[in-house]
There are 2 protein chains.
Amino acid sequence: MDMTVSSLAATDRGHKCGVLAEHLARIGDRWTLPVVVTLREGPLRFNQLRRAVAGISQQMLTRTLRTLERDGMVARTVHPTVPPQVEYALTVMGNSLADQGLQLGNWIHANLQAIDRSRTVFDARETD
Amino acid sequence: MDMTVSSLAATDRGHKCGVLAEHLARIGDRWTLPVVVTLREGPLRFNQLRRAVAGISQQMLTRTLRTLERDGMVARTVHPTVPPQVEYALTVMGNSLADQGLQLGNWIHANLQAIDRSRTVFDARETD
DNA sequence: CGGCATCCTAGCCGATACTG
DNA sequence: CAGTATCGGCTAGGATGCCG
């Protein structure tokens, strides 16, 4: 049984689909995709990552990385040095997630103009 | 200048990338993708859509559809009958968004097992 | 039937301070 | 350097009730 686009669509119709929605929400949160996409170019240490993502708080980076690690998207490696060094790297699955994120990002980037125009038109009609 | 995956990655590194994050958050919210994917198979009326999505409240369906309409993803057509009928259909751009959603859905579906396993292992280590 | 207004809650997320 | 702990705001989203 192959899992193609059409078969998923059928599932979406018939089922509760709550599981997919749940995971979609996770991926769609504020920082998951930015972090994963940033890690795509190579492993980074905590504060390197913090600087690279630019805007993320230390707290949220920690949380996001924890969740990603739990989900098997990133691998956490502690080097027992002084001071301690912790490296984060994408797993194979994490890398495929990053690909998905980039595709989504590309789609957004490609449609930004159209969306903005549409919003302007819509808002203009509301303001009448 | 072509907008490929690599060029976007570069943008992500250098820029604030706040705009992309903003739109990602929108797409990644609880109902946008489910609604768009459901509409992919054809136009639906409000309550048909409500039943098809299964789990969405009337309020959230209204909000989601409004936003999607504002962003130019769905077209809203009012038939002046009694009782009133309102039909929602995907625009071309909305249809391409649905494709993105399906790809993401397929990715999730393909990796569900692995994610669950990873979580189990992770949680077991924490409980030690 | 389709949709707006209101109230309310959960939890995401940020800021700050502290630890090993 | 790499976290943990705590507090608090904001808002997505659910429940309910009313309108055309």
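Just so it is clear, the structure is predicted and the values come from calculations on it, not from any experiment.
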Any [X] side-chain N or O less than 4.0 Å from OP1/OP2 of [N]:
{"X": "A:Arg45", "N": "D:dA2", "answer": "yes"}
{"X": "A:Trp31", "N": "C:dG14", "answer": "yes"}
{"X": "A:Tyr88", "N": "D:dC1", "answer": "no"}

| task | Report the end-to-end axis angle of the helix from C:dC1-D:dG20 to C:dG20-D:dC1; each axis comes from five terminal pairs, and the value is rounded to 10°. | result | 40°

In whole Å, I'd like the distance from the [atom1] atom of [X] to the [atom2] atom of [N].
{"X": "A:Leu65", "N": "D:dT4", "atom1": "CG", "atom2": "P", "answer": "11 Å"}
{"X": "B:Asn47", "N": "C:dC1", "atom1": "CG", "atom2": "C1'", "answer": "6 Å"}
{"X": "B:Arg50", "N": "C:dG3", "atom1": "CZ", "atom2": "C1'", "answer": "11 Å"}
{"X": "B:Arg26", "N": "D:dT11", "atom1": "CZ", "atom2": "C1'", "answer": "13 Å"}

| Are B:Leu65 and A:Val121 joined in one hydrophobic group, where the rule is that I, L, V, M, F, W and Y side chains link up if heavy atoms are under 4.5 Å apart? | no

| said: Is there a path of hydrophobic side-chain contacts, each under 4.5 Å between heavy atoms, that joins A:Val78 and A:Met73? | reply: yes

| task | For A:Arg66, answer base if it contacts any base atom (sugar-phosphate contacts may also be present), sugar-phosphate if it contacts only those atoms, and nothing otherwise; contact means non-hydrogen atoms under 4.0 Å. | result | sugar-phosphate

| query | At under 4.0 Å between heavy atoms, what does A:Arg76 touch on the DNA or RNA strands: base, sugar-phosphate, or nothing? | reply |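 Counting heavy atoms under 4.0 Å across all strands, the contact made by A:Arg76 is with sugar-phosphate only.
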
| What's the closest nucleotide to the B:Thr62 side chain, out of C:dC4, C:dC13, C:dT6? |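 Of all the options, the side chain of B:Thr62 is nearest to C:dC4.
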
